[in-house]
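Read through the structure below, which is laid out as structure tokens, and then see the notes.
Residue numbers start from 1 in every chain, and the chains themselves are labelled A, B, ... in the order their sequence lines are given, proteins ahead of strands.
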Amino acid sequence: MLELLWLIPAMPFAGFLVLATAGKKLSRTGAAVIGAGSAGVSALISLIVAFSFISSPPAGNSYSQVLWEWVNTGGLSLSISFYLDALSVIMVLVVSVVGFLIHLYSTGFMARDDGYSRFFSYMNLFVGSMLTLVLAGNLLLLFLGWEGVGLCSYLLIGFWYRETQNGYAALKAFIVTRIGDTAMAIGLFLLFYNLGTLDIQQAMGLAKANWPVGSGIAIAAAALLLGGALGKSAQLPLQTWLPDAMAGPTPVSALIHAATMVTAGVYLIARTHVLFTLAPPVQSAVAIIGAATLLVAGFSALAQHDIKRVLAYSTISQIGYMFLALGVGAWSAAIFHFMTHAFFKALLFLGAGVVIQGLNEEHDMFRMGGLRKEMPATFWSFLIGAASLSALPLVTAGFYSKDLVLWDVWSSRTGGNWLWAAGLLGALLTSIYSFRMVFLTFYGEKKTPVTRTPGPVMLIPVIALAALSAVGGFVEIPGTMGNVPLFSGFLETALPKMVFSGVPESELISQIIAAILSVGGIYVAYFFWLALPEYARDFTKHPAGSALHRFLFSGWGFDWLYARLFVRPYVWAARVNKRDVIDLFYSGIALINRLSHYALSATQTGKVRWYVMVLGFGAFITITIVVFT
Amino acid sequence: MRDAFYISAAVAFVSTLMVIIQKKVVHALLYLIISLLSVAVIFFTLGAPFAAALEVIIYAGAIMVLFVFVVMMLNLGAEAARQEKSWMSPRMWIGPSVLAAILLADMLVLLARGPAFISGGNVVGPKHVGMALFGPYLAGVELASMLLLAGLAGAYHLGRRLKKEELAERETRR
Amino acid sequence: MIFSVPMEEGLVLAWVLFVTGLVGVIVRRDIIFILMSIEIMLNAAGLAFVIAGARWAQPDGQVMFIFIMAMAAAEVSVGLALVLQLYYRRKTLDVDSASGMKG
């Protein structure tokens, strides 16, 4: 059944082609059937393929499918080929299943929107590109998918293009990620130049064989690829685009800016883990960046008013956890957290979408409240999602993945107490802001009336994701509770095991501390935003408190800093260089063209007789030349 | 034989000059026909009787008839009839008649002296021309037929008279 | 007796006719006169061909003349159709009135 692999990305692409060419002629139902249907078929095929892969693993625990030769020139030989191993099985499953659920949700969410078929064509293109990205057998095809998802992200953030602000947000996302992509492209050139191949497995094998650990070339290549991952995954210092990307429709935020695209950086690092193992400084940088990002974003999330911006900062923060795990070599922990994060963050976004739509496009959490009774199904699902995000012990998927990350960080040879402490502080922040969101939105008094309740097509995906968020963690039972490492055991066929430091720390201690912090964070949120909201209000009234609030609200002032550091000098330089000597040359060419245009068009009098005269004169000159030379 | 050539050359020159200095189209057409006839006589003296015949039949005949048709189509109504009357005044047709008479005399003299004398043995008759046309020049003949077909289709398309509203629509589209 | 073709005189005549036609095209504004002048020019060109053919007693000159005549027939039919259109639309035969394509 593995031969069906190519159909997984092909289905959404086919859906995109149909919607893009015939979208205007299709009815809404037709567009929904094609849009969500192609994603659904793709999810179904990926389930079949994954089942077949797990039940009867192919030789070498990987399966490669070459479709056709793409490029073959000057020593560069590339094919459109898909590569399936344990890592890509997980990625494909998550992308296609979550993608399908979000498509289903969108059929209800976008029901009253004008650009219905346009929306689904972009979404299908996105899913196809994302699946290409995770299945790609060589780095250039991966890069194609990488840029494809970037394009879709741009198109979908600016989906409601009539608002200028959305267009700017889309541009920002595109340009900021472009910085990372440029680094990544240079990294690919470097790899090709030094290894002579872009096939991932070959390149990794060659790198391992030829480059010693810590060699300059390995560090340079890993650092450049990291640049790409930082941009795409919105990590420090390229994280500023993600909060603004919330301008897009909520299903887009759920699919692209929470569950799948932003984790492409995590996938890239896991896929090229050999390089990062060869470059210890870069790997440490990954861990430090992850830790810093999760704290910065966690604090920022505390101060946001817009429910989607809270979730955006939370996404940045959770991807910070994944980077932290990657940085200490806990590859499977990172992928595990990616999977559970995809479930609960998509769930939270979809729940937020229901709330926002129900309250007539109200984004401000302080104007929500008391929705517990009005939207019970949404409330319970959202609660499960928030609990999973805050890693509420034992019953949520988030607990298992986050604990694995924290424990691995603590016990890894390259990890340590400081990174662990940062992760624990982040866990506390996570549970505070998650339940702040829950309490402000669903508890307290009602502030805005509910005008629209979700239909079944929107609730079914929410409930399905809630179920996944609750039970999705049981695939990996930690050592303290019976030790059933199904997930990491499966991934070990593709990713190496983490190297433990050998210091016998107890996993139980880590878990207990994390559990206390999680529950404690919920209590803090309850205390400040439900029991005694005056405290929080008074705090923001105090001058120092208000300054801190503004600082955190703006996301640590990164936009302000970048505007002064890069944007304004650039604009200044552009203005200064507007009319320089080189321009004079080009405007001179333009002037000559314009003048000769005037001269020549003056001869076009529209008078036939004049033309005949000129023609005769020309013939006369020609004959004279012929005769007298 | 040179005399015949010079006489008809003079007639050709005069009549051609008259064509371009006429005020009325119909008068110019008369002179143009004389000009074509005189060129036909020149062909005859040059020993190209087939070209001479074609000149008379097709040029002075068919093509000029086309011109006359068009001129007639452009002048309709009572005023046109009155104009026609003024064209028929003797002053107008005396010039062409004189030139035509000279040509006729020229022609008669030539015929009276006999065909052998005309060409001096260098006659390239219709037979030779036909053999050349359908021998080495066959492709040219085919091309000419395509050209004529294109001319036919083009004239049919361009020449139809548009309805008033159609015309107005085209004018505004411009 | 050997009759020599009056080659030089014939070519001069062709030239004279051609230039007369050209002058006609340039100076006349009436489009029918322009078409007639073009006929004169074509005829002059044909005359030059026939003279050259007669000089070497070959049929090629007359063949070319026939081709020119075919072309003239096609040209005049299209040209006269254009004359009709010009007259229908502008109620005039002044060729300068059709100068909408001026630069």
V83(C) versus F67(B): any side-chain heavy-atom pair under 4.5 Å? no
L13(C) versus chain B, the contacting section by heavy-atom distance below 4.5 Å: side chain
Just list the side-chain donor-acceptor pairs under 3.5 Å for residues 27-35 of chain C, sequence neighbours left out, or say none.
residue, atom, partner, partner atom, Å
R28(C), NH1, I20(B), O, 2.8
R28(C), NH1, Q22(B), O, 2.6
R28(C), NH2, Q22(B), O, 3.0
R29(C), NH2, D94(C), OD2, 2.6
D30(C), OD1, I32(C), N, 3.0

Heavy-atom neighbours of F49(C) CZ exceed 12 at 6.0 Å: no
Minimum-distance pair of heavy atoms, taken over all atoms of S77(C) and G151(B): OG-O, 3.8 Å
Is it the side chain or the backbone of L133(B) that comes within 4.5 Å of chain C heavy atoms, both, or neither? both
When rounded to the nearest 0.5 angstrom, what is the spacing between CE in M36(C) and OG1 in T16(B)? 11.5 Å
For chain B, find which of V23(C), T20(C), I66(C) contributes the most heavy-atom pairs closer than 4.5 angstrom. T20(C)
Pick one of side chain, backbone, both or neither for K127(B), based on which atoms fall under 4.5 Å of a heavy atom in chain C. neither
Output for pair (Y6(B) OH, E9(C) CD), nearest 0.5 Å, gives 3.5 Å
For the residue pair A81(C) and L158(B), what are the closest heavy atoms and their distance? CB-CB, 3.8 Å
Are Q62(C) and F43(B) packed together at the side-chain level, in the sense that at least one heavy-atom pair is separated by less than 4.5 angstrom? no
With chain C, which of G130(B), A51(B), A153(B) has the greatest number of heavy-atom pairs at distances under 4.5 Å? A51(B)
Among N43(C), I40(C), L93(C), which has the most heavy-atom pairs under 4.5 Å with chain B? N43(C)
How close do G10(C) and F5(B) get, heavy atom to heavy atom, and via which atoms? CA-CZ, 3.5 Å
Is any side-chain heavy atom of F50(B) closer than 4.5 Å to one of V50(C)? no
Under 4.5 Å to a heavy atom of chain C? For I42(B) that would be side chain
Taking side chain as C-beta onward, heavy atoms only, is V39(B) less than 4.5 Å from L17(C)? yes
Name the atoms and distances for all side-chain donor-acceptor pairs under 3.5 Å in residues 134-148 of chain B, with sequence neighbours left out.
residue, atom, partner, partner atom, Å
Y137(B), OH, D60(C), OD2, 2.7
S145(B), OG, E142(B), O, 2.5

Pick from Y156(B), F69(B), F13(B): which one has the most heavy-atom pairs with chain C under 4.5 Å? F13(B)
Look at A48(B), A10(B), G125(B) and state which one has the largest set of heavy-atom pairs under 4.5 Å with chain C. A48(B)
Heavy-atom pairs under 4.5 Å with chain B, option from V76(C), V12(C), V25(C) with the top count: V76(C)
Which atoms of E39(C) approach chain B - backbone, side chain, both or neither, heavy atom under 4.5 Å: both
Interface moiety of L32(B) toward chain C, non-hydrogen atoms closer than 4.5 Å: side chain
